[in-house]
Each structure stands twice: as structure tokens, then as C-alpha cells.
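Here is how names work: the chains are called A, B, and so on, in the same order as the sequence lines, proteins then strands, and each is numbered from 1.
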Number of protein chains: 2
Amino acid sequence: MSEELASGPKERPPALRAGPREVWKKGGRLLSVLLAVNVLLLACTLVSGGAFNKVAVYDTDVFALLTTMMLLASLWILFYVLRTARCPGAVPYLDAHAGPIWLRGGLVLFGTCTLVMDVFKTGYYSSFFECQSAIKILHPLIQAVFVILQTYFLWVSAKDCVHVHLDLTRFGLMFTLTTNLAIWMAAVVDESVHQAHSYGSSHGNTSYTRLAPDLERVGDTACSCSTPVCQIFQQGYFYLYPFNIEYSLFASTMLYVMWKNVGRLLAAPQGHGHGHGPSRVSLFRETFFAGPILGLLLFVVGLAVFIIYEVQVSGEGGRTQQALVTYYSFNIVCLGLMTLVSLSGSVIYRFDRRAMDHHKNPTRTLDVALLMGAALGQYAISYYSIVAVVAGTPRDLLAGLNLAHALLMVAQHTFQNVFIIESLHRGPPGAEPPHTPPKEPCQGLTFANLDALHALPGCPPTPSLANPSPAGPPEVVAMILAPRGHWRRRCLRDISLFLLLCNVILWIMPAFGARPHFSNTVEVDFYGYSLWAAIVNICLPFGIFYRMHAVSSLLEVYVLS
Amino acid sequence: MSEELASGPKERPPALRAGPREVWKKGGRLLSVLLAVNVLLLACTLVSGGAFNKVAVYDTDVFALLTTMMLLASLWILFYVLRTARCPGAVPYLDAHAGPIWLRGGLVLFGTCTLVMDVFKTGYYSSFFECQSAIKILHPLIQAVFVILQTYFLWVSAKDCVHVHLDLTRFGLMFTLTTNLAIWMAAVVDESVHQAHSYGSSHGNTSYTRLAPDLERVGDTACSCSTPVCQIFQQGYFYLYPFNIEYSLFASTMLYVMWKNVGRLLAAPQGHGHGHGPSRVSLFRETFFAGPILGLLLFVVGLAVFIIYEVQVSGEGGRTQQALVTYYSFNIVCLGLMTLVSLSGSVIYRFDRRAMDHHKNPTRTLDVALLMGAALGQYAISYYSIVAVVAGTPRDLLAGLNLAHALLMVAQHTFQNVFIIESLHRGPPGAEPPHTPPKEPCQGLTFANLDALHALPGCPPTPSLANPSPAGPPEVVAMILAPRGHWRRRCLRDISLFLLLCNVILWIMPAFGARPHFSNTVEVDFYGYSLWAAIVNICLPFGIFYRMHAVSSLLEVYVLS
């Protein structure tokens, strides 16, 4: 964030220009970031303090903080929707790249799941109403209101480049972003505590005294969750946590892009821009069918492996060893195929002389940063595994599988990132003159990739359409129009669909509770339970987010290629 | 880093342009970042594993990894100095903002201290030569060679914009950067372990079993450090660690800027640029003397307080309480003054209508990012302290002082960052036509701030000099030339000198071992020793680096204002 702060308003020509207006613009950005950092650190302190039994910070403190933050953020959202957005000239420009349809669709989907989770939570805490603090029941209700408001707000306003109430909007956006990140942190910590609890109870391990569940905080036996309905509520809301986590992260990325767009000047004013963005491009495109079929096959097999793994690990028979061998074998095959496919995608790009898009695009910049940053979580887990296996003593089949799995995980993340980032930079060339809107059948394509012109019937490759930049060298246009690029585009679509389906199954497994990191004893023995639990519980949420984010990026790659 | 990756080569106009050359340029950046991330995570795993006694990673493994990395980086540096830099047309441009004289001077200073530390380390490990692994003596020797080579390399090449061997140079720079960060991590971990060891031995505490010193690893009693010479070596090299840490960070920032500059195109070619950058601007400028005098006073008092604190805490008499009251009182006064002074600096800027500089400047972007990022360390410690004091039980004088100290620390970091970042953006306007070099007495000023013209005699404010941008509006130039800005510049210089001296004393205290975080029992009792030690040991190095970095930024502000 701060890196972007320094680069300042790039839309204006860098000239010698003074004025208190401009000074305060930069000041507003800086101060809103500082506010966000401070609020976030306070939330981080309370959330992490609340996770430890020994520390005298209770979960009611955390709930109170989160509820207050959500209330304040909701008030600002109401103000924005009712006042700011209705000012004359408030939103003179729309950012075509911000808030694509799959991001907003995902937001609604995960928001709905969060609402269900809130119902379950309310039910769970209402089961022992008499001995609970009121804030525990108030919290899911306020969260439901906040989620509904925020989803509506982001659905209608994600593309806005606001030009009134600049500083208030910056502060409001940053505060709402901070609220989402605080909710994310609280959910991740709560889930980790729950995992540690179930690990402790299933292994009879007493060494995990540091990460004790908040469920035990209630103290009295009269307040325990004993009725069947309450048990269902409790199980249900823990299974819905992954969706809540993704919802917060999706909302955060959209809010960040909106914050970057406050006060931004764009070339095309709002009136001309209808059907901006590739959202109207058909999702069903020509492929070789190999990618989706192989991907679906892996998806189904993966689901079966996951269910078998869960049954065998949670069962009493001590078949953990067998479950781990199955789990690792499937993952090694899947990761190996994904690595090869990503590599072949990069090789195809080496022969593809399509134009690169170097336009300023906050959405893409953020996408790339998130892909690279979120991959660090899985990288870290993999390197700790590699060191543990290489330096550890038992050199059996399971250690070998674990090592291969960790190495392939590193390779897969690396090559997939290279492929996705290169694909995103082959995005739509935005250099079209906005005064020449194309004819009706090709309307949705104006901002999509030029290469896609051949894929749809009814779009003759007329030079006026295919040469959007008057300065473009003619040989480039000739290359783009040449039909030999066709099989490459099909290949790229197959590749992106295959990777997408694989990422979905690799998201489902850890998000719904598969923890081979703890079933496997190599790392736990090598690092000790508390250190290894800290590593996994900090890094794995990033790894899970990476899968989710890769899915949305690959969907974009598929639509654009 | 990844955020910048996506923005790509901004120097070229964003047009429809294809070609494998450009594709590979981005690929080179991406792949070199991926290499760095992977090597760094491997180093991080080994270093953190080596810090724990229970984990079967030994410090010899860490030393072997670091030695190998330093050897490889040295080889690349030799290749660069002997081959790449001597290619015809290898360095067509120099970045005037990169590697200013205070950064290079600091690098040489800290490099010299690191060499002394290496001598001490060699002496220490030679004292029990027979029962040591050879790598422990080899490591400081290789490090000395590496430091000499790297300091020479950065001194002569920090400004280079390399245009041959692009990918090899990117990989080499990233690998050298990674090596420095790995050395930094190892030094920080080693120092934390040492601190925990001395805390454990002075408090007779047995609960710190997790962070056990590597000194004990030797095992045999025959190998213990018992001779007086060996004791001196051991004491000495621990006191020199802060310099080694700062050396690694300084080198890392300079290498990062060089990496950003690989393949960069600038307007002014190398031949014309002599005396680039404000390095020749005189350090001795007109001030009101209030800032330096008050700053020096606080510096001397601070040194006295630090020595008293160290004597009282390490003494046997149990006068820790008294020492803490003195320490906190001094810090509260110092931080309060700094907050007020930073605020008044920002207020002065509100009335100052000088031009803002929006040019692309990787050095400044990095400076801002580092200031904001490094402040997070001290922010986190402060928020944990605040929560502990507010929620904790003993509400005595010490708790009040601790709370005031933590709150002022947050305020001081915030307002100082706002002041410094705004000052850096009032930097030199780089829009001078390079074809009109000024006359001799004003030569060094071409890239310094225009406002500084009045401060030096012999520089008449001729319009040809003072109006570097032909497009600059005349009223701006008139404002700059008006004499009423004079007292403001003097004030700003006073402010920056005062803040500089305060930051130096606030750097010395924690860097040389003052740990009120552990002498004070509030947080240790609230969070438990292991959690609080983890928080402090992870965050404090960033806090110390922040002070160092603020000093170099304030020096720049002083010279430019």
C-alpha cells in the first residue's frame, strides 16, 4: 500500500505544480492508511490475545470490538449509498477493470453462506442464552446486517471512481477494509483454535495447553452444548467458516481497488461506457474438451479421496497411515499434472507474439500482489516440511511421499504463478478510441482481448476494429489476424479450465478440515507440537486463500484467452 | 515487490507492441523475485529451526548455508565488476537519486564495524578450535571477504542502470539481496537467543526452555569460553551485532534500488551528469540552533539515562523499579517533544506552497515503504503493551508510565512518518534541461531543492536557474523566489536536526541492549514469557531498523530543505 502511496497521482503529468489541494490529496491517502494500520493492529492484539487461555483478554472483548467496527462501517456505507453517490458529479468515471462479474458473483455466494453461518451462530449461542453475555448473540445479528449492506454496496459501487467527499470516502473505505480484515483474523483464529481442540481431544495430547478453545470459557457445566440441535448448530457454523473467510477477503480486495480509484481520472467518461469489461463475454467457448474432462475427473477422484481420508483419520481403527498414503499419492499426481500443464502454457506463450498490456490497472496490480503474497504461506509450510523430512530420522515411504508432495507444491505454485501473471498481462488492450463504439454483435468484446475476435461468429476482422492503436505497427496486426493463433487459444482455454478445477479441489481439502500436517508425525516430532501448530495455523489460511484467488484469476484467463 | 512487478516498464509509452524481448524482460523480473523468495524461505526455515534447541537443525547447518550463499554472491559481484560493468554501453544511465552519500557513507561505517565483529568472532571460535566445526571459523572469514567486496561494489555501482546481461544481473542482484536478508535474519535470531539467555540467567527463570542459546550446543566442558581473551571476544561481538544488522539492511535497500533500475531508461544520458544528486550540498546550513542544541541536550541526557538504566538493571540491588521509572520518564519527555515538533513541521507545510515532486523515483518509493513497514514493529509492541496495561491488574505508577510511553510511541511514529513522507515529496524537481549546466559555485545544487538557492551565498536567483521547467507557471516561480519562505526553511532544518538526534538516542538504547519490555513485569505476567518474548523478538528488530532508517531520511530532509 505504502509503495503505491509514493507513486502518487500518475494520471497527471509530473510538472512543477503547487497548491494546497494537491497536498491534502496525498495527505488524505496517507492518513487513511495510518488509521487502518492502527485499527488493524489493535484488532490483531485483541484477537491474538483472546486466543490464548492464559491471557486475560476474553472473546467477549473481541466480539465487542468487531461489533462496534461493523456498526461504524455500516453507518458509513449508508452515508455513501444515500448521500455521496447521489451528489451531482460524484462518480464521473467507472473503472472497467474493477469488480468483474465473477468477483461480485463470488461475493454474493459467499455472503449468502455467511448469512447461513450467522443463523447457525445465533442458534448456537441462543441454546444457552441465560449464561451468555448479550454481545455473543448480538454479534452474529449485526454481522448479518453488515454483510447484506456491504454486499449491496459493493455490487452497485465496485467500479466507482469517486470525486466528492474525497477524504471521508478514503477513510470510510479504509475503515471498512480494516473491519473485513479484522473479521477475517478472528475467523481464522477461531478456526485454528477449534482445529487444535479437535486434535487435542482425538490424540489425548496434553501438550497443546497454549491453544485452548474458547468454547471452554463458559465454565459452568449447565451452559454446555448438550442438546442435539445445539450440536448441529455448532458443527454447522464451523463448516461454514471457510466461506466467511473468503467473503471477507473478497470484500477486502474490492474495497482496496475502490480506495485506489478515489479521485482517479480516466480517459473515458461514464456516459460512453456501456458494457465495459469482459463481463458479457460468453463463458462457453470452444475448447478441445481435454482440459475440462481431465479436470472434472481429478475433481471427482479428489472428492472421493478427501471423504475416504476424513473417514479413516477420524475413525477409531488407526488407519491414519493408509489414509495419508492415499492422500499424498493423489496430491502428488494432481500437483505434477498441474506443474506440467502450467509449464506448457508458459511454453505456448513463448511462441505467442501477442501484444503485452502495460496500462495502469489497480485491479491487476492487486491480483498479482495477492497471488505472489498468498503463495508465501504454502511455500513456508513446504520448506519447513522439506527440512523436517531431510533432517529427520524415519526414512520410510511416508517421508518420501511427504518430501515429493512438498517439492511439487513449491514447483506448482511457482509455475502456476508465472503462467497466470503472464496471462493477465496479455489482457485487453485498452487503447481503443472511445468514440468509435463497435457494432452490436461484438459489443461486449471492446475491452476483451483482440485475439478473441476469431472465436465468435459475426465479427469480421475488419482493420478498423482490429487495429485499436493508430501507432501499432502493421506487422503486429497482421500477426493477430493470422488464423494460426487459433489452436493456441483453444489450448490456453483448456489449460486454464484444467488448472481451475484442480485448484477448486485443492481448495476444498484444506478448507474443510483435511490436516495431513498433523496426522503425519514427521513435522510434529521434529519441531514439537506448539511450533509446528503456530507455523501451520499462520500460513495455511494464506495457502487456502491462494487457491481461491487462483480460481478467480484462472476464470479471468479463460474468459480473456 | 510484486506490486511493482505488475506496473512494468513505465518509461515506455503503453502502446500495442509485441516481441519476445519485452516478454522476457518481465519474465526475468518475475523469475528473479521467485528465486529470491524461495532461497529466502529456505534460509528462514533453517535459521528459525536452528534457534530452537529441540529441533535437530544445528547452527553449523545455518553457517554452511550462509557461507555458500556469500561465496556465490561474491562470485557474481566479481563477475559484475570485472565483466558486466566493462562492456561497452553497459551503463548508459545513472539514477541520480540512488545511493546518496549518506547511505554509502553509512554502509562503509557499518561495514567497518562488521569487519571488526568478524575479527572478534574468529578470535572467539579459535579459542576452542579443537572441538569446533571448521565452518564456524570459516564463516566470519568468508563474511569479511564478502563485506569488503560488496561495499566496494555498492560504492562504485549503486547508481547504475545496467543495460547488458539483463537477466543475469537481475538474478545476481536478487541473490545478493537474499544473502543480505539471510545474514540479517541469522543475526537477529542469534541476538534474540543471546538476550533470552542473559534474561534467563539473570532471573533464574526456567520457563524459557524454548529459546536456548547455541553457545551451549558445544556440550563439552573442555570447550567452554573460560579464558579472559575469549570472554572479551564474546562480549565484543555481541555488542557489534547491531552494526552488522544495519549493514545488511543498508546493503539490501541499495541492491533493491539497483534491481529496480536494471534496464531502466532515463532522460539524461551519463555523459552530461556530473555532480548528480544532492551529495555535494553543504551539510552545514543556516539554522536557528535551537533544534541541534535541544537535540544534543536530549542525546547526552539519554546516554546518561541509558548507562544508569543498564547499571541498575544488571546490578544485584534490585533497583529495577527505579531504573524503569527513570527510563520511562526520559522516553516520555523525548517522545512528547518529538511528537510536538513533527506536528509543527506538518503545520509549517500547510502554509508552504512549495511544489510537490511526483516523478518516478524508486529510491523514494522504497524509503516510504520501509518507513511505513518498519513502523509496524513498534506499533505492534505498543498495542500489546496498551492492552496488557489496560486489562491487567496492577494500576501503579509504573503501569501509568508504561501506558503513556506506549501511547506516545504510537503518536510519535505516526506524526514523524507524516512529516518525513511529506518532506521527501518536496524533493528536488528533476525537470531541469540537462543541456544547461549551471556555473561553478552552484554546481552541486542542480538537483537539490530550488528553495535552497537562497541559503548559499554566491548563487543569484537568476530566472534561468530558478525556472528549470519551461512549463512551470510563473506564479509558482515567484513564490519560490519570494524571501518570505526563509524562516520556514530554517525552522524545517531545525526540526529535522532535532528529530535526527532524538532518533539516534532512541536507536542506541534498544540496539545496545535496553529491554524494559522484560524488566517490566506487566506484559510478561499478562501474556506469559514465551508469547511476549516472541512478540518482542520479532517486532523489535523492525523498530530498531525504523530508527536507523528515520535518521537517514531526516538527514536527507535536512539537506534538501
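For N38(B), the parts sitting under 4.5 Å from any heavy atom of chain A are the backbone and the side chain alike. For chain A, the nearby part of V387(B) is the side chain; its heavy atoms alone come within less than 4.5 Å.
Using a 4.5 Å cut-off on side-chain heavy atoms (C-beta onward), C44(B) and Y383(A) make no contact. Side-chain contact between M372(A) and V37(B) is absent, with no heavy-atom pair separated by less than 4.5 Å.
For CZ of F542(B), the number of neighbouring non-hydrogen atoms (other residues, nucleotides, ligands) closer than 6.0 Å is 12 at most.
Here CG of N417(A) is found 7.5 Å from CG of L30(B). Values are rounded to the nearest 0.5 Å. Note that the CD1 atom of I386(B) and the CG atom of L46(A) stand 10.5 Å from one another [nearest 0.5 Å]. If you take OG on S48(B) and CD1 on I535(A), they are separated by 6.0 Å, rounding to the nearest 0.5 Å. Here the straight-line distance linking atom CG of L41(A) with atom SG of C539(B) works out to 8.5 Å at 0.5 Å rounding. To the nearest 0.5 Å, atoms CG (L40(A)) and OH (Y379(B)) are separated by 12.5 Å.
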